[in-house]
Peer 1: 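Following this message is one structure expressed as C-alpha cells.
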Number of protein chains: 2
Amino acid sequence: MARRSHPSSRGRTISDVAELAGVSLSTVSRVMNGSTTVDAALAERVREAALSLNYTASPLARSLVLGKTQTVAVVVPDLANPVFQGMLRGLSSAAARQNYHVLVADSFENLEEERVLAVEARRRCDGIVLCAPRMPDEELTALLPELAPVVLINRDPSPAKASTVSADYHSGMQQLLEHLYGLGHRRIAYLPGSAAAQSNRKRLSAISEFADGHPDVMVTELQGGVGFEDGHAAADAVAASDDTAVLAFNDLVAMGLLSALSERGVRVPEDVSITGFDDIPFARYTTPPLTTASVPIEELGRQAWERLWALLNGQAPAYNLSFGPLVITRGSSGPAPAAA
Amino acid sequence: MARRSHPSSRGRTISDVAELAGVSLSTVSRVMNGSTTVDAALAERVREAALSLNYTASPLARSLVLGKTQTVAVVVPDLANPVFQGMLRGLSSAAARQNYHVLVADSFENLEEERVLAVEARRRCDGIVLCAPRMPDEELTALLPELAPVVLINRDPSPAKASTVSADYHSGMQQLLEHLYGLGHRRIAYLPGSAAAQSNRKRLSAISEFADGHPDVMVTELQGGVGFEDGHAAADAVAASDDTAVLAFNDLVAMGLLSALSERGVRVPEDVSITGFDDIPFARYTTPPLTTASVPIEELGRQAWERLWALLNGQAPAYNLSFGPLVITRGSSGPAPAAA
DNA sequence: CTGTTAGCGCGTTCAT
DNA sequence: ATGAACGCGCTAACAG
C-alpha cells in the first residue's frame, strides 16, 4: 500500500495531501501558501491532512518554480582564519533571521579553483558573497556578471561597480603607526601578509605614506605571513633587528610572534612592542593582551547580508561601506625603550 | 529578441542549446552527462553550442529529477567555537573533494530552534551532520528518522542506532588527571561546561571515577563555562582556593583563566597548573603554551563526511568511531608546588 | 544512435 | 471559491 517502506514521512507530495483531504492540488497549494481565498472549512481539512502526513512542500520543487532558493553562497579563502569565521557567523546569523540559508565554500586559498567554486556555488543559490582577497582585479571583474547579485568583501569597488563591504586597512595601519610613534618608536618592523592581497597593499601604502611624512622613523619590512607559524618564525629576525616595535600583518601573526618572543625571554612591551590587526576574540586574552586595530568582523558579515538582501529584492544598491578600524590599546604596546 | 536583457549567460536552458545545435533536448542531455552513445560529430556540435551559450545544466532542475542535491547540511551549536569551526572545515574540505556542497546552520545554542533548523536544512540536502551536544536524548531519538541519512557528532550511539563520530572525553579527562597526579597535584579544581552537554558529563564521570580510585586527591568543582569570559571570571575563585591545578572545560576557558591569572601575577605553572581540552590551534601559542587533551578536530569532520557519504551511497553503516584524545604536555602544567 | 513523451513536485494562470 | 492544465529545467523511459 505504502509507496515507500520508510516509516518516515518524507516523500509525501502535495497530491497525497490533496487526496487525503479530498481536494485538488491547487487548493492544497493555496492553503499551504496562506491564500485567503479558500473556504475556511476546506482550509482546515487541508491543514489537518498536511499535519497528519507531516507534509511540507519540497523546497526543491518550490525553488524551481519560484525561481529562488532562499539560499545564498559565501565563498571564503580560508575557513581556519578567525576573520572569515567571524564574517561567516555574522552573515549566517543575519540571513537566518530572514529565513535564508547559507551555502559555504572554502577555496583553501586555491586561486585556480576559486573561480569555478564561486560559479558553482552561485548556481545553487540566489546570490553570493565573495571574499577573495587575492583574486586579480581583471579576473574578478570578468567574473562579476556571472555572479550577480553579488557582494564583495574587502575589495575596492573601483574596477567593477559592485556592491562591497570592507575594512579600511589603510586607516587602521595609519592609526597603528601613529600610536607607536606617539609611544616614541622610531624604528619599526612590518611583517607583511600575502603580496597579492589588497589588504596588504593598503597597509603598505599607509606605511610608505607615513614614512614620507616622518623622516625620523624607519619602517623595515621583514619576512611575514598570515598565520601563527609565520609570526613564530619571524621572532629571530625581530630579535636580531634593532627595531623597538613590530606591526604584524594580523593578530594571528602577532600571537605567533608573541609566543616565540616569550620563549626567548624577550619582554613585551618592555623590549619590543607588538601590534596585531583585526581584533579577533583571542586578542584580548594573550599575554600580554594584544594592541590591535579592531575591525568589526561580524558586522562586516551582517552588512554584506543586508546589501545582498537589498539586491535580491531588486532594491537599488546601497552605498558601499567601509569600516574605519579602531586602535585598541592593550598591554603589548608600550613606550619605546631607551636606545641601547 | 533576447528573452532577458541581462548581458549574462544565465537563464540559458537546455532547449536553447538544443535549438542552436539543431538537435533534441535528450541529445543535449546525453552529451552533457557524458553518455557515450552519441555520434561524435553531433556531440561536438552540442558542446560548441553549449560553450558559446556558456550553458550549464541547472543544478536545481537536476536535483529535482535526480532526487539528489549534491549538498549536505551541517548543524552546529556555535560557529564562534573553534572546535566546530575545525569540524566544519574538515567536513567541508572532504565533501568538496567529492563535489558535494555544504549548507551550514548555526543554532546559536538555541535548543528550541535547533530541531526545526535541522529539519529545514535537511530538506534542502541529501543528508545531514548534526552537532547538538545539548539536545536531550529523547528529542534526538525522535528527530533521527526525519533526518536520515544522518551522522551525529559527539553523541552516544546508545539511545538511537545512528552513525556517530566522537571524541572520547572520558578518556581524555582521565589522562589529564593522571598527568596532573603524576606531577604531584592532589588538590585539583574543575571548571565544568554546560551541565546539559554530554561531553561535560563524560568529563565528570572520569573525574569521580578517578577520585574513587585515588582517595588522596580531591577534585573541587568551581563555577565554569565554555568561553574565554568564563575562564577569566573563574580566576578569583581559583586564586582563592588552595588547589594547585585546574582542569578547564576546554581550551577557551583555559585561555581566559590563563590571561586573568597572569594579570593577577599568579604564575603558571609555578603557582598553579592549568590544562585545557581540544587542542585548538591557539593552544600552543599561549603564554605559557597550554597543556591540553588533543582531539583531532578536523579529522572528526572528515570522518563524519566519510560516514555520511557511505550512507548516501546506500552502503552499510560503518562502525562508529571514537577518537581517544592525546595529552599534549606544554608549559602550562608543571610539578605541584610544595604545600604552603 | 536519436527524438518524443512522461514525469520530478510544485505554483499559477486560466476557466468554471 | 475551486479545479484542470501548463510550465519551471531537466533526465529517463520508450519508440523509432
Side-chain angles (χ1 to χ4, degrees), chain A residues 3-4 6 8-47 49-50 53-71 120 122-126, chain B residues 3-4 6 8-47 49-50 53-71 120 122-126:
Chain A
R3 270 174 36 210
R4 336 175 117 242
H6 292 297
S8 141
S9 60
R10 276 205 305 275
R12 292 337 201 148
T13 82
I14 195 173
S15 50
D16 292 328
V17 179
E19 189 176 346
L20 183 59
V23 297
S24 77
L25 309 184
S26 348
T27 300
V28 177
S29 175
R30 288 192 184 98
V31 174
M32 299 304 290
N33 293 331
S35 169
T36 52
T37 71
V38 179
D39 182 83
L42 261 195
E44 193 45 35
R45 248 177 42 219
V46 169
R47 262 187 285 274
L53 259 40
N54 194 10
Y55 168 81
T56 314
S58 153
L60 226 58
R62 299 195 83 228
S63 295
L64 185 59
V65 62
L66 293 180
K68 47 183 282 189
T69 61
Q70 293 278 109
T71 304
E120 262 197 25
R122 169 61 183 87
R123 290 228 56 192
R124 332 192 138 254
C125 300
D126 301 336
Chain B
R3 269 174 37 210
R4 338 174 116 242
H6 292 298
S8 141
S9 60
R10 277 206 303 277
R12 291 334 201 151
T13 82
I14 194 172
S15 50
D16 291 329
V17 179
E19 189 176 348
L20 183 59
V23 298
S24 76
L25 308 185
S26 357
T27 300
V28 177
S29 175
R30 288 192 186 98
V31 174
M32 299 305 288
N33 293 330
S35 169
T36 51
T37 72
V38 179
D39 181 85
L42 262 195
E44 193 45 35
R45 257 193 12 235
V46 169
R47 261 187 286 273
L53 259 39
N54 194 9
Y55 168 81
T56 314
S58 153
L60 226 56
R62 298 195 83 227
S63 294
L64 184 60
V65 62
L66 293 180
K68 46 182 283 189
T69 61
Q70 294 277 111
T71 305
E120 261 198 26
R122 170 62 184 85
R123 291 227 56 194
R124 332 192 138 255
C125 300
D126 301 337

Peer 1: Please determine, for the side chain of B/Ser58, which listed nucleotide (D/dG9, D/dT11, D/dG3) has the closest atom?
Peer 2: D/dG9

Peer 1: A/Arg45 has an atom CZ; how far is it from atom C1' of D/dA1, in whole Å?
Peer 2: 13 Å

Peer 1: Would you say that more than 12 heavy atoms from the other residues, nucleotides or ligands in this model lie under 6.0 Å from the CD of B/Gln70, or not?
Peer 2: yes

Peer 1: With a 4.0 Å cutoff (strictly under), does any side-chain N or O of B/Ser29 reach OP1 or OP2 of D/dT11?
Peer 2: yes

Peer 1: B/Asp39 CG to C/dG3 C1': how many Å, rounded?
Peer 2: 14 Å

Peer 1: Could you state the CG-C1' distance from A/Leu66 to C/dT12, rounded to the nearest angstrom?
Peer 2: 10 Å

Peer 1: Without decimals, in angstroms, what is the distance between A/Asn33 CG and C/dT13 C1'?
Peer 2: 15 Å

Peer 1: When the nearest nucleotide of DNA chain C is assigned to A/Ile14 and to A/Arg30 on a heavy-atom basis, which residue is associated with the more 5' position?
Peer 2: A/Ile14

Peer 1: Quick check: any donor-acceptor pair below 3.5 Å linking the side-chain of A/Thr27 to the base of D/dA1?
Peer 2: no

Peer 1: Is a side-chain donor or acceptor of B/Arg124 paired with a backbone partner of A/Thr71 at a separation under 3.5 angstrom?
Peer 2: no

Peer 1: Quick check for you: among C/dT2, C/dT12, D/dC8, whose closest atom lies nearest to any side-chain atom of A/Val65?
Peer 2: D/dC8

Peer 1: Return yes if the base of D/dG9 and the side-chain atoms of B/Arg12 contain a donor-acceptor N/O pair under 3.5 Å, otherwise no.
Peer 2: no

Peer 1: Consider side chain to side chain contact (heavy atoms under 4.5 Å, CB included). Of A/Thr13, A/Asp16, A/Val23, A/Leu20, which one does A/Val28 pass it with?
Peer 2: A/Val23

Peer 1: Of the options C/dT4, D/dC8, D/dA12, whose atoms approach the side-chain atoms of A/Leu64 most closely?
Peer 2: D/dC8

Peer 1: Students often get this wrong, so: under 4.0 angstrom with heavy atoms, is A/Leu60 touching a base, only sugar-phosphate, or nothing?
Peer 2: nothing

Peer 1: Go nucleotide by nucleotide along DNA chain C from the 5' end; which of B/Leu25 and A/Thr56 gets its closest nucleotide reached first?
Peer 2: B/Leu25

Peer 1: Does A/Cys125 offer a backbone N or O that forms a donor-acceptor pair with the side chain of A/Arg122 under 3.5 Å?
Peer 2: yes

Peer 1: Taking atom C1' of C/dT2 as reference, at what distance in whole Å does atom CE of B/Met32 sit?
Peer 2: 18 Å

Peer 1: A/Ser24 has a side chain; which of D/dA4, C/dT2, C/dG3 sits nearest to it?
Peer 2: D/dA4

Peer 1: Can you check whether any acceptor in the base of D/dT2 is under 3.5 Å from a donor in the side chain of A/Thr37, or vice versa?
Peer 2: no

Peer 1: Quick one: A/Glu44 CD to D/dA1 P, roughly how many Å, whole number?
Peer 2: 18 Å

Peer 1: Is any side-chain N or O of B/Thr13 closer than 4.0 Å to OP1 or OP2 of D/dG9?
Peer 2: no

Peer 1: Should B/Arg62 be listed as having a side-chain N or O under 4.0 Å from OP1 or OP2 of D/dC10?
Peer 2: no

Peer 1: Decide yes or no for B/Ser35 and B/Asn33: does some side-chain heavy atom of the first lie under 4.5 Å from some side-chain heavy atom of the second?
Peer 2: no

